[in-house]
Amino acid sequence: MTSFVKNSPMHFLDELNESQRKAAEHLYGATMVIAGAGSGKTRVLTYRIAYMIEKEIDPFNILALTFTNKAAREMTERIGSIIGGQEAKNITMGTFHSVFSKILRFNADRIGFPNNFTIYDTQDSKSVLKDIIKGFKLDDKTYKPSNVFGRISTAKNNLISPEAYCQNPEIILEDKQSRRPEMGRIYTSYMNRCQKSGAMDFDDLLYYTNVLLRDFPEVLHYYQHKFKYILVDEYQDTNYAQYLIIKKLAAAYENICVVGDDAQSIYSFRGANIENILNFRKDYPDFSLYKLEQNYRSTKNIVEAANSIIKNNKDQIHKSVWTDNQVGNKIKVIRTPTDNEEGRTVSSMIKEKQSETNSSYNDFAILYRTNRQSRSFEEALRKLNIPYKVYGGLSFYQRKEIKDLLAYFRLSANPNDEEALKRVINYPKRAIGKTSIEKLIIAANSYSTSMWEVICDFQKYPVDINNGTKSRIAEFATMIKSFQSEINNKDAFSLAERIARSSGIMKELMDAKDKGPEEVERFQNVEELLSGIQEFSNSSDEENPNTLADFMLEVALLTDADQDKSEEINHISLMTIHSSKGLEFQNVFLVGMEENLFPSQMSLHSRSDLEEERRLFYVAITRAMESCTLSYAVSRFLWGQSISCEPSRFIDEIDSKYIEFSSKSKSLGRGLSMKGFEGTRSGGLNKISSNPNLRSLKDVSRNQKTNTDDKNIKVGFNVEHQTFGKGKVTHMEGFGADQKATIFFPHHGSKTILLRFANLQVLD
DNA sequence: CCAGTACTTAGGTTG
DNA sequence: TAAGTACTGG
């Protein structure tokens, strides 16, 4: 087990400094490590776990919780490289959500869920809420799904059950004051709907874990004794539900080590609670505290500038971060006339520096407060032919085409998953209309069963839908059942491929491919998902194939960071400050340093919000190793109009010793800006003198009468449509006013059209 | 059922 | 401005 010691003359702990080493070696009792930015926090955690195993602690007894999947994976790898992969595998390591979702699946029957429960993402949750709000006949402007979702999420994160919510006088008053008295009813109904669908949202994973540990002492007992050693990374980002899980699990042995930095807490807006750090001393009065204060990442100027900023916050645990590194250059501040100019200036500065020092583009990052700011930089970088990658935004798994296919998988694994069912029952088009679906939903509610049960047995659950539609629905159900029968035994890839084909999704995307590059991309995305599944299939052994059901257990908790392929490529990184947390770059450009943008306008009302913005600024500055440049624009386009901006107060908060104002910006601004203004508003130049559209409209209306009620259209007829041109009728359905024709148009593909409106000319 | 149009809204983001 | 949704007319 300890063979690595023989090979290396030096013990791995020797690579740590004194306080790092103390924190790593102190294995018993409650320990808190407050780790300044760049102080080697991950290294301490890694070595601590390696040391535990060296001390013959069984990896099976270790629970390590991280903030992201990526962090968990990297740590497992690093530990594996020190003590051997086999040992590392037995550690329970992952995010709260992934670790506890597994525990919940194992114990699902105790809390009234199937063990293959679906995990709803935010989109799914909001869609459920929208339905409920509509069902209650409430105004969806007062009850915006995202607002309601946020409110419910907060409640769950604070372990307030629907019943408690409805009875809490304070909450009732709050909702009354915000004119949303029905919130409690919506919350209750939402919980019921999810349970009926066999689904949990992300917050439920934490909520129900608490329920499980609270109501089933034997379960609590089991995990308390399994997880004798508990480690939590990024402790400042935990919420109350997470805090309580840890507290309960650690209660038996109290071997708990939390690592965090209060100065880098930037997620309170979604429930993270700095109090958890402060409470630690109350819960474990005998705790030991270690502070990691030596920064290995940045120059003296950067470290000290960052210190001078964070000093302005009132709420914080005192620590003094310092470094042995060189003094380095001062932080540069540049000013540009417009946001577009900011893009050009920063891009050319990067180009200059890159060719001067012959460094890799990977050494550069542009950080901003909001995603929309990326635009001006992307444009400028493209013009200069500088490779870049924008991080964040829509993730792979959120894309429509991916969600569509996954919905088939989800439905096959758990047919009660109502969101999945609604998503694909008529996609690709199989003539099951909105009205029919609505009727199904209402029926399911009134029979208090799931939509799936209804569509499987119209005898038992009569619904007022015409027979043609009913038989198409039945056909759909049969197809899903045939997938269902294979989901637990056939290997993931062959079933996935079959579903993609026989659902019609592949054909749908294939046919659209010649429409444009976006359609091609969609098709490729689905191919990529399938090849990912193939990989998953191949990694299993002969005896127990990895099934699609297995795949679905993992996929809901994956994010696009989990399938990084661009890591090696040479490019600049563009991202929000939030997503830069935990990363480091030689050169950081922090852009958009303006009042109302950073700090954000919405943070100006309360001190604590402003302090969070300041911590965000602290995080941004401390990403830089060697150089840090701040920029701001004097005017900026915001929602279609140009507004004038003032430099951020944060610039003033940096001790002037550490910054210099670049003169470059001034000279750049002068000559160019005037030109930009001319020519842009050429008033009424485009005014249309004669309007050809008007004419054609008239012509059309005259034609209309002649052939609308010509009902003698049959399959095989050649017809002409006003907008689609000539085509051939391939299918007819419905009667009278509902009569529809499916027509193949050589230039527009196949369309199903209501004859009542179609205005068709029969050609033969 | 399809497609064009009117209307609305705009933060950060992991699981 | 841009993007997404709801509505409406053919």
Side-chain angles (χ1 to χ4, degrees), chain A residues 65-72 94-101 119-122 130 140-141 144-146 150 153 157 200-206 234 237-239 242 266-272 367-373 375 391-395 397-398 426 429 431-435 554-562 575-582 596-603 609 612-613 615-616 619-620 637-642 697 700-701 703-704 708 721-724 733-734 738-743 745 748-760:
Chain A
L65 296 164
T66 59
F67 191 60
T68 61
N69 288 315
K70 197 175 160 207
T95 63
F96 276 89
H97 292 90
S98 75
V99 168
F100 294 111
S101 72
I119 297 175
Y120 276 176
D121 67 14
T122 314
K130 218 168 162 183
D140 63 355
K141 294 220 169 70
K144 286 189 199 136
S146 50
S153 173
N157 285 333
M200 292 198 194
D201 68 19
F202 292 128
D203 300 316
D204 285 332
L205 295 175
L206 306 175
E234 307 282 10
D237 289 325
T238 52
N239 60 35
Q242 292 168 323
I266 54 177
Y267 283 109
S268 77
F269 70 92
R270 61 176 201 225
L367 306 182
Y368 35 76
R369 178 68 235 272
T370 66
N371 273 314
R372 63 158 189 268
Q373 287 167 259
R375 207 212 71 241
Y391 289 80
L394 193 63
S395 92
Y397 294 98
Q398 313 248 49
N426 194 34
K429 295 260 152 58
I432 301 171
K434 230 191 279 173
T435 335
E554 315 242 321
V555 76
L557 297 170
L558 292 181
T559 54
D560 49 354
D562 293 313
M575 62 181 88
T576 61
I577 304 168
H578 279 94
S579 39
S580 75
K581 190 171 159 194
N596 296 331
L597 181 57
F598 192 25
S600 149
Q601 185 155 32
M602 294 168 206
S603 70
D609 282 0
E612 179 147 319
E613 295 282 303
R615 291 193 295 269
L616 195 55
V619 168
F637 255 89
L638 187 67
W639 299 325
Q641 45 181 333
S642 167
L697 267 179
V700 166
S701 67
N703 283 346
Q704 212 162 15
T708 327
H721 187 272
Q722 188 187 320
T723 43
F724 302 137
E733 62 184 301
D738 286 334
Q739 194 167 37
K740 284 176 271 190
T742 306
I743 305 164
F745 298 100
H748 297 89
S750 215
K751 310 260 176 215
T752 304
I753 295 168
L754 217 53
L755 279 188
R756 186 153 48 103
F757 297 126
N759 189 23
L760 291 175

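In the text below, chain A, chain B and the rest are named by the order of the sequence lines, each starting its count at 1.
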**OP:** Whole angstrom is fine here: how far is it from CE in Met602(A) over to P in dT9(B)?
**Re:** 14 Å
Original post:
For Asp203(A), which contact category applies under a 4.0 Å heavy-atom criterion: base, sugar-phosphate, or nothing?
Top reply: base
Original post:
Where the side chain of Asn69(A) is concerned, which of dG15(B), dT13(B), dT5(C) is the nearest nucleotide?
Top reply: dG15(B)
Original post:
Do the side-chain N and O atoms of Thr576(A) and Ser579(A) include a donor-acceptor pair separated by under 3.5 angstrom?
Top reply: yes
Original post:
Taking the side chain of Arg369(A) as its heavy atoms from C-beta onward, which of dG12(B), dG15(B), dA6(C) lies nearest to it?
Top reply: dG12(B)
Subject >> Protein-nucleotide distance (Lys70(A), atom NZ; dG15(B), atom P), rounded to Å >> reply: 10 Å
**OP:** Scan Lys581(A) against the nucleic acid and name what it touches under 4.0 Å (heavy atoms): base, sugar-phosphate only, or nothing.
**Re:** nothing
Subject >> Separation of dA6(C) P from Asp140(A) CG (nearest whole Å) >> reply: 7 Å
Subject >> Student check: side-chain heavy atoms of Tyr397(A) and Asp121(A) closer than 4.5 Å >> reply: no
Original post:
Is there side-chain contact between His97(A) and Ile119(A), with at least one heavy-atom pair below 4.5 Å?
Top reply: no
**OP:** Mind checking Gln398(A) for me? I need base, sugar-phosphate or nothing, with any heavy atom below 4.0 Å counting as a touch.
**Re:** nothing
**OP:** Indicate whether OP1 or OP2 belonging to dT14(B) is found under 4.0 Å from a side-chain N or O atom of Asn239(A).
**Re:** no
**OP:** Kindly point out which of dT13(B), dG12(B), dG15(B) is positioned nearest to the side chain of Ser579(A)?
**Re:** dT13(B)
Original post:
How long is the gap from CG on Asn157(A) to CG on Asp203(A), to the nearest 0.5 Å?
Top reply: 4.5 Å
Original post:
How long is the line joining NZ of Lys434(A) and P of dT8(C), in whole Å?
Top reply: 12 Å
**OP:** Would you state whether a donor and an acceptor, one from the side chain of Gln242(A) and one from the base of dG15(B), lie under 3.5 Å apart?
**Re:** no
Original post:
Which is true for Ser600(A) with a 4.0 Å heavy-atom rule: it touches a base, it touches only sugar-phosphate, or it touches nothing?
Top reply: base
Original post:
What is the distance from OH of Tyr397(A) to P of dT13(B), rounded to the nearest Å?
Top reply: 19 Å
**OP:** Measure the distance from CZ on Arg375(A) to P on dA2(C) and round it to the nearest whole Å.
**Re:** 8 Å
**OP:** Specify the residue among Ala556(A) and Phe269(A) whose closest nucleotide of DNA chain B lies further upstream toward the 5′ end.
**Re:** Phe269(A)
Original post:
Checking all strands, does Tyr267(A) fall into the base, sugar-phosphate, or nothing category for heavy-atom contacts under 4.0 angstrom?
Top reply: sugar-phosphate
Original post:
Over how many whole Å does the gap from His578(A) atom NE2 to dG11(B) atom P extend?
Top reply: 13 Å
Original post:
When you measure from the side chain of Trp639(A), which nucleotide among dT5(C), dG12(B), dT1(C) comes out closest?
Top reply: dT1(C)
Original post:
So do the side chains of Asp237(A) and Gln242(A) get within less than 4.5 Å of each other, counting heavy atoms only?
Top reply: no
**OP:** Round to the nearest Å and state the distance from Glu234(A) atom CD to dT14(B) atom P.
**Re:** 13 Å
Original post:
dT9(B), dG15(B), dT1(C): which one has an atom nearest the side-chain heavy atoms of Lys144(A)?
Top reply: dT9(B)
**OP:** With heavy atoms under 4.0 Å as the rule, sort Ser603(A) into base, sugar-phosphate or nothing.
**Re:** nothing
**OP:** Cation-pi check, Lys581(A) to Tyr267(A): give yes when NZ or CZ is under 6.0 Å from the six-membered ring centre and within 45° of the ring axis, no otherwise.
**Re:** no
Original post:
Glu612(A) has a side chain; which of dG15(B), dG12(B), dT13(B) sits nearest to it?
Top reply: dG12(B)
Subject >> Under 3.5 Å donor-acceptor pair, Thr122(A) side-chain atoms to dG15(B) base atoms >> reply: yes
Original post:
Which part of the nucleic acid does Arg372(A) contact within heavy-atom distance under 4.0 Å: base, sugar-phosphate only, or nothing?
Top reply: sugar-phosphate
